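Bear in mind that the values here come from a model prediction, so they are computed numbers and not experimental data. Quick note on labels: first sequence line is chain A, next is B, and so on, each numbered from 1.
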Amino acid sequence: MLDVTYIRNNPDLVKQAMKNKGEENPQIVDEVISIDEQWRSLVEETDNLRNESNTKAKKIGELMGQGKKEEAQEIISYTTELKEQIQEKEDKLRSLKRAREDLLLKIPNVPHESVPVGQTENDNEVFKTWGDPDKEDWRKPHWELVEEQGWIDFDRGAKVTGAGFPFYVGPLARLQRALINYFLNRGAEAGYTELQVPYFVNEDSARGTGQIPDKEDMMYEIPRDEFFAIPTAEVPVTNFHRDEILEDDDLPLYYTSYTPCWRREAGSYGKDVRGLNRLHQFDKVELVKIVHPETAYDELESLRKHAESLLEELDIPYRTLLMCTGDMGFTQSKKYDLEVWSPGQQQWLEVSSCSNFGSFQARRMMIRRRKENGDTEIVHTLNGSGLALPRVVAAILEIYQQEDGSIKIPDVLQPFMGTDVITSEI
RNA sequence: GGAGAGGUGGCUGAGCGGUCGAAAGCGCUCCCCUGCUAAGGGAGUAUACCCCCAUACGGGGUAUCGAGGGUUCGAAUCCCUCCCUCUCCGCCA
């Protein structure tokens with residue numbers, strides 16, 4: 001959510017940002033400003049009436065104390081009238097505020113000037129390519145391999161829960177655990193504090209990071225207890241500091257957290273959901289930063305580099321995309337996607353998305369910092385995956401597979417695996 | 001799940017229908033005194049929003065005493081619903 005004052009002072013800039021992001025109705029900027037104006041003038045009127053009412057109520061108290069009941073009674077009949085007027089205005093105020101809020105929630109974050117303007121994924125900029133994607137490849141897609149070897153059981157997963165909830169068996173379960181450990185350790189080395197978090201969150205938290213309104217369809221719900229299963233660790237981790245005022249000394253805050261993630265993925269079927277490409281439950285190590293507004297874009301670069309370094313250490317070819325305005329998402333001001341090369345599928349798979357949200361999330365969550373002069377200021381938040389497991393696993397299975405169907409283990413994972421190769425016999 | 005107690009400012013803790021945004025203590029900040037150490041004196045010290053002044057500073061107002069609703073001219077104080085914490089019982093990893 002953007003600051004209304006900011007919108008009021010920069011209406012054209014916000015409208016242009018909306019157009020660049022492919023939003024169709026930039027005129028809601030004008031609507032917000034108009035409603036805000038009405039709201040503000042009504043606030044003033046209402047506050048004045050309340051002031052009068054408060055003053056009179058005190059007077060009544062005084063008179064009652066002195067036993068002057070009749071005089072008090074006169075004022076009471078006046079304040080009773082006042083009360084009705086106030087109530088009327090309060091109702092109007094409430095509906096104006098809600099209308100303003102509804103519109104504000106429809107205005108996306110303003111992209112940073114370094115973000116390329118564009119409509120679709122074709123306008124994203126290839127920021128960096130690392131390693132050598134093998135375009136002509138004999139290797140099998142990971143789903144064939146894992147089924148042959150019995151490493152991932154999609155069918156039993158479907159029996160036990162449903163499609164998109166696989167079992168990882170034996171060496172594959174161990175491989176995932178190795179990756180989780182590796183990612184968490186690397187996060188710790190880079191200064192991220194590890195958090196173990198609740199896997200269900202309440203409505204306020206879902207609202208804080210922007211899953212609701214609008215995106216509630218992505219989440220599994222537990223209606224009886226009014227919880228949502230987290231679609232990413234971002235939700236509990238960022239909400240960790242909701243409604244807090246942080247000291248400047250505390251900033252920047254870096255957190256990392258491993259969690260399963262649950263996503264309904266309603267409406268996505270077809271070939272890009274094969275195997276590990278898209279699941280309803282998957283594991284992810286998430287990175288979250290809460291930072292001083294002035295350093296946010298530098299923090300985004302270091303976040304991106306950290307995520308990239310993980311892929312480099314695993315020796316997996318990847319490319320980094322700088323997302324264009326139209327493809328970056330509603331809440332982001334700048335975003336990089338990291339994609340690994342899948343030789344078995346001959347395509348790129350997204351394994352991380354590193355974003356700067358500016359003050360957009362923090363404003364909804366009221367995470368602030370204390371400035372030198374005592375004022376408060378909304379902080380900036382960032383997050384990125386470091387990394388999402390299934391597609392990294394898919395890439396490892398495809399890149400590291402050998403002709404006999406065994407999988408070499410990347411060097412950095414061997415200490416966690418206790419072996420340098422996995423075969424069906426393990 | 002059952003029974004009881006409670007949720008007040010950074011913390012401790014008063015207040016139980018009017019003059020309470022809230023005593024007192026602690027902590028913190030600034031100033032004064034004291035030539036080290038210790039101690040003493042004074043002032044300040046929640047958040048959000050609106051208005052004035054105007055971009056620093058300042059002034060005025062409104063709301064908030066777990067959350068939401070209600071009673072009342074007036075609620076931290078009374079009533080209702082919900083959330084959370086603590087104690088005992090039950091259950092359990």
Side-chain angles (χ1 to χ4, degrees), chain A residues 1-10 32-104 196 198-208 212 221-228 236 239-251 293 359-379:
Chain A
M1 189 168 63
L2 290 177
D3 181 12
V4 201
T5 311
Y6 176 82
I7 297 173
R8 209 192 300 148
N9 294 335
N10 306 279
V32 164
I33 293 173
S34 145
I35 286 179
D36 181 58
E37 240 155 61
Q38 295 173 47
W39 177 80
R40 280 184 297 138
S41 76
L42 191 61
V43 163
E44 202 183 343
E45 289 173 32
T46 312
D47 283 356
N48 288 340
L49 286 182
R50 285 203 273 230
N51 176 231
E52 196 179 349
S53 162
N54 288 345
T55 313
K56 292 280 190 287
K58 271 178 197 169
K59 182 76 181 162
I60 293 167
E62 252 170 63
L63 292 172
M64 298 293 249
Q66 295 163 5
K68 298 177 179 167
K69 281 211 167 167
E70 282 161 35
E71 275 182 55
Q73 199 52 49
E74 275 177 44
I75 307 180
I76 287 176
S77 56
Y78 172 68
T79 46
T80 309
E81 246 175 73
L82 253 185
K83 196 178 151 184
E84 279 171 31
Q85 291 179 41
I86 292 172
Q87 233 144 32
E88 230 170 82
K89 287 193 191 293
E90 280 175 343
D91 290 342
K92 186 92 190 290
L93 218 44
R94 241 192 305 274
S95 67
L96 276 174
K97 197 173 181 183
R98 194 171 335 111
R100 190 183 69 167
E101 191 82 359
D102 288 347
L103 289 174
L104 277 174
Q196 287 197 346
Y199 295 163
F200 303 138
V201 294
N202 59 30
E203 209 178 294
D204 286 343
S205 299
R207 201 188 320 279
I212 47 176
E221 277 185 73
I222 294 126
R224 182 165 172 177
D225 298 292
E226 296 180 314
F227 293 150
F228 296 95
N239 274 283
F240 191 55
H241 289 292
R242 172 152 54 85
D243 295 322
E244 289 182 19
I245 299 172
L246 305 163
E247 296 304 323
D248 263 355
D249 295 348
D250 299 333
L251 298 176
S359 60
F360 204 81
Q361 278 187 333
R363 182 167 297 106
R364 301 182 86 177
M365 269 182 280
M366 287 299 275
I367 307 177
R368 291 154 290 171
R369 73 180 184 101
R370 176 82 58 197
K371 297 208 287 191
E372 197 123 326
N373 66 4
D375 289 352
T376 62
E377 179 183 45
I378 309 283
V379 297

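Only the P atoms considered, B/G18 is 24 Å distant from B/G13, to the nearest whole Å. Between B/U12 and B/G7, the distance separating the two P atoms is 12 Å to the nearest Å. Taking atom P on both B/A5 and B/C80, the two are 13 Å apart, rounded to the nearest angstrom. Comparing B/U72 with B/A67, their P atoms sit 23 Å apart, to the nearest whole Å. Between B/G61 and B/G21, the two C1' atoms lie 14 Å apart (nearest whole Å). The gap from the C1' atom of B/A93 to that of B/G2 amounts to 22 Å, rounded to the nearest Å. When the C1' atom is compared between B/A75 and B/U8, the two are found 14 Å apart, to the nearest whole Å. Comparing the P positions of B/U87 and B/G74 gives a spacing of 40 Å, expressed to the nearest Å.
Of the residues near RNA chain B, A/R94 and A/G61, the one whose nearest nucleotide (by heavy atom distance) lies more toward the 5' end is A/G61. Between A/R370 and A/S53, the residue anchored nearer the 5' end of RNA chain B, judged by the nucleotide with its closest heavy atom, is A/R370.
Taking a cutoff of 4.0 Å between a charged side-chain nitrogen and a carboxylate oxygen, A/R50 and A/E90 qualify as a salt bridge. With salt bridges taken as basic N to acidic carboxylate O contacts below 4.0 Å, one links A/R40 and A/D36.
Contacts of A/T376 with the nucleic acid, taken as non-hydrogen atoms under 4.0 Å apart, involve only primed sugar atoms and P, OP1 or OP2. Among the protein residues, A/N54 comes within range of the sugar-phosphate backbone only, with heavy atoms under 4.0 Å from sugar or phosphate atoms but none that close to a base. Counting any heavy atom pair closer than 4.0 Å across all strands shown, A/I60 reaches a base atom. Nucleic acid contact for A/L82: none, since no nucleic acid atom lies under 4.0 Å from a heavy atom of the residue.
Between the side chain of A/N10 and the main chain of A/Y6, a donor-acceptor pair closer than 3.5 Å is present. Remark: the backbone N or O of A/T5 is paired with a side-chain donor or acceptor of A/N9 at under 3.5 angstrom. Looking only at distances, no side-chain donor or acceptor of A/S53 sits under 3.5 Å from a matching main-chain atom of A/L49.
Within a 6.0 Å sphere centred on CD of A/E88, other residues, nucleotides and ligands contribute 12 heavy atoms or fewer.
Counted by atom type alone, A/Q73 and A/Y78 present zero donor-acceptor pairs between their side chains at under 3.5 Å. Using modelled atom types and a 3.5 Å distance limit, the side chains of A/S205 and A/R242 yield a donor-acceptor pair.
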* **Pairing annotation in dot-bracket form, given for RNA chain B with Watson-Crick or G-U pairs under 3.5 Å and | for cross-strand partners** => ((((((((.[[[..)..(.....]]]((((((.......))))))(((((((.....))))))).[[[[[..)....]]]]])))))))....
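Between A/S359 and A/V379 the shortest side-chain heavy-atom distance does not fall below 4.5 Å.
Read 5' to 3', the first and last nucleotides of RNA chain B with an atom closer than 4.0 Å to a heavy atom of chain A are B/G18 to B/G74.
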